[in-house]
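Below is one structure; the comments refer to it alone.
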Amino acid sequence: MQRRDFLKALGAGAMLASGLSIKSVFANAAPHVVIVGGGVGGATAAKYLKLADPNIRVTVIEKNPVYLRPYGSSEVLNDHIGMDDLEVRYDRLRDRYGIEFLFDMVTGVDPHRRTVRTAGGATLGYDRMIVSPGIQLLYERIEGYSASVAESRIPSAWIPGTQTRLLRDQLHAMRPGGTFVIVAPPNPYRCPPGPYERGALMAEWFKVHNPTAKVIILDAKDSFVPGPSMLLGWNRLYGYNVPERFQEGMPTEGEWPMKIHDAPGMLDWVAGRDGGRVLSVDPASLSVETEAGRFKADVLNIVPPMVAGRVAFELDLVDGRGYCPIDRRTHESTRHPGIHVIGDACVADAMPKSGFSANTQAKVAARAVVDLLAGRDTQAPLWENTCYALAGTEYGLYVADIFRLVDGRITRMEGPRFLPLDASRAQIRIGALYQQNWMRTFTEDCFA
């Protein structure tokens, strides 16, 4: 299916293509859909349910009245944006679409009676529920690390908030010639390019403000997305020597060839095969013990393993892996009928855990809920994901995929995925412009 056709299929018009509205099926009894979690997935699902049929009553239960978007939050660290720029409010979803919001925490659900309880004492009935619980970070999985250490000395800053501010302040106060060490998480994790983009953006900032500083990324993995594209950007901008195993297809001539640098650059990546897996951390000395030895940091940033968010566990939606198994066609939980799970918390096979994935999963789930409430057969889903990343503020990268069901699993469709390694300087610059424009238009699609 062509991309334009795929996007049409996600629109509200396609949801109502049969011409049968929910109101006509349910007479005057408007069905009630409760959405738990008001992030990208939950907000998108709420909006597209109301676009499908304004007669559906939609209530979003979200603990925070202001959402801090995680996508693009590393740009706070290099002062490209401020913390205020991460704030997203729910006013337009409420005023434009009539979506109801309850700012509270969910404490339990009765899937048989189809009721959900909150910490504030509310009990809401629902016909269908969509849960978009996000992630929680498992700090204690790394010896010596903890939530209290992350809040006070070694921030993760993977969920934006006070740790983002702390990490920004630490980086800006780092001594001349200091070392910024990033510990990348194991798979699966939210935002696959994120740790590597973060390292690149700070290397770019250090080139101006602390030119003898160094960035080291420690990693248990041997590859990452967008892989060679990012490594080539590091080579061009920060003196990184691309490992031989990644050099196939790298440009060796033309306007911007890959270089072999005589001296180490300011950014280094220690992969798992080279001993990059972290064994323990010492908060007192800001050092980490790895299979390759000990690394001492002036600023240490650890992104720990992660699983589905707290509420997914409290609603009994997770399996032994810590994520939520679903019927891929509808995103309905295989543990509790009537509850659909989307976003980073769900088991989505080949799909990465990203904001774009959560957005497209929300549209698929919303369409499925509309069909199920109306007594119609659900439609065959398609999903899309595009991850933009920056190797520098004017050096844009991307990975783009379309997914479909194959033998009951979400499977990536074949086709070009990455910015070509021989892309021109103009194409790379355009990629950076696309990334910035995507931030705005994506937020509009989810929250307005």
Side-chain angles (χ1 to χ4, degrees), residues 1 6 9-10 14-15 17-18 22 25 31-37 39-42 44-46 48-49 52-53 56 58 106 109-116 126-135 188 307-309 311-354 356-385 401-413:
M1 181 179 286
F6 169 78
L10 292 180
M15 293 185 192
S18 67
I22 292 176
V25 173
H32 186 203
V33 178
V34 170
I35 297 175
V36 178
V40 165
T44 303
Y48 276 80
L49 282 167
D53 194 313
I56 302 174
V58 177
V106 169
V109 64
D110 186 333
H112 303 292
R113 295 183 178 180
R114 299 208 173 188
T115 58
V116 60
Y126 64 87
D127 294 283
R128 289 269 164 180
M129 179 186 292
I130 297 176
V131 181
S132 185
I135 56 162
V307 291
V311 72
F313 285 82
E314 295 189 357
L315 301 185
D316 188 33
L317 298 172
V318 300
D319 60 14
R321 296 166 292 180
Y323 288 96
C324 304
I326 57 170
D327 176 339
R328 274 69 162 180
R329 187 178 181 90
T330 62
H331 282 264
E332 187 167 6
S333 169
T334 58
R335 297 180 64 84
H336 294 298
I339 301 177
H340 304 252
V341 186
I342 57 177
D344 297 334
C346 75
V347 177
D349 306 321
M351 289 194 78
K353 298 186 182 302
S354 70
F356 205 121
S357 289
N359 173 273
T360 190
Q361 290 168 10
K363 294 170 182 176
V364 168
R367 186 175 67 187
V369 166
V370 167
D371 287 337
L372 289 166
L373 288 173
R376 297 192 293 265
D377 291 337
T378 58
Q379 304 171 49
L382 284 173
W383 300 265
E384 185 182 23
N385 177 68
D401 291 300
I402 292 178
F403 305 85
R404 63 183 178 92
L405 278 180
V406 177
D407 297 328
R409 296 181 66 82
I410 300 174
T411 304
R412 179 181 293 110
M413 298 176 68

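Residue numbers run from 1 in the order of the sequence given. Values below: all heavy atoms of this structure, side chains included; hydrogens, waters and symmetry mates excluded.
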Residues Ile339, Val36; criterion side chain to side chain contact (heavy atoms under 4.5 Å, CB included); working and verdict: CA-CA 10 Å; Ile339 301 177; Val36 178; over 6 Å; no

Donor-acceptor contact present, side-chain Arg409 to main-chain Asp349, <3.5 Å: no

Shortest non-hydrogen contact between Phe403 and Pro352, atoms and distance: CZ-CD, 3.9 Å

Distance in Å, Leu317 CG paired with Ser333 OG, rounded so as to fall on 0.5 Å steps: 5.0 Å

Value rounded to 0.5 Å, distance of CE in Met351 from CD1 in Ile402: 10.5 Å

Heavy-atom closest contact (Pro188 atom, Lys353 atom, distance): CB-CE, 3.8 Å

Distance-only polar pair, side chains of Asp110 and Thr115, donor-acceptor under 3.5 Å: no

Over all atoms of both residues, closest heavy-atom pair of Ala348 and Gln361: CB-NE2, 3.7 Å

Main-chain N/O of Gly134 paired to Asp344 side chain as donor or acceptor, under 3.5 Å: no

Shortest non-hydrogen separation from Leu373 to Arg128 and the atoms involved: CD2-CG, 3.7 Å

CA sep, side-chain torsions, deciding dist, call: Arg376, Asp371, salt bridge (Lys or Arg N to Asp or Glu O under 4.0 Å): CA-CA 5 Å; Arg376 297 192 293 265; Asp371 287 337; 3.0 Å; yes

Check: Met129 and Pro111 side chains under 4.5 Å, non-hydrogen atoms: no

Distance in Å, His32 NE2 paired with Tyr126 OH, rounded so as to fall on 0.5 Å steps: 11.5 Å

Trace of the side chain to side chain contact (heavy atoms under 4.5 Å, CB included) decision for Glu314 with Val106: CA-CA 8 Å; Glu314 295 189 357; Val106 169; 5.8 Å; no

Check: Pro325 main-chain N/O paired with Arg335 side-chain donor or acceptor under 3.5 Å: no

Taking every non-hydrogen atom, the tightest pair across Asn385 and Ser354: OD1-OG, 2.5 Å

Any Ile56 side-chain heavy atom under 4.5 Å of Asp127 side chain: no

Heavy-atom side-chain proximity of Val307 to Ile135 below 4.5 angstrom: no

Approximate separation, where rounding is to 0.5 Å, of Arg412 CZ and Asp401 CG: 4.5 Å

Min side-chain heavy-atom separation Val58-Ile35 under 4.5 Å: yes

Between CE on residue Met413 and CD on residue Glu384, distance to nearest 0.5 Å: 11.0 Å

Arg321/Asp319 under salt bridge (Lys or Arg N to Asp or Glu O under 4.0 Å): CA gap, chis, key distance, verdict: CA-CA 5 Å; Arg321 296 166 292 180; Asp319 60 14; 2.7 Å; yes

Atom of Trp383, atom of Arg328 and distance for their closest heavy-atom approach: CZ2-O, 3.2 Å

Check against side chain to side chain contact (heavy atoms under 4.5 Å, CB included), Ile130 and Ile342: CA-CA 7 Å; Ile130 297 176; Ile342 57 177; 3.7 Å; yes

Side chain His340, main chain Thr330, donor-acceptor under 3.5 Å: yes

Check: His336 and Val109 side chains under 4.5 Å, non-hydrogen atoms: no

Sidechain-backbone polar pair: Glu332 side chain, Ile326 backbone, donor-acceptor under 3.5 Å: no

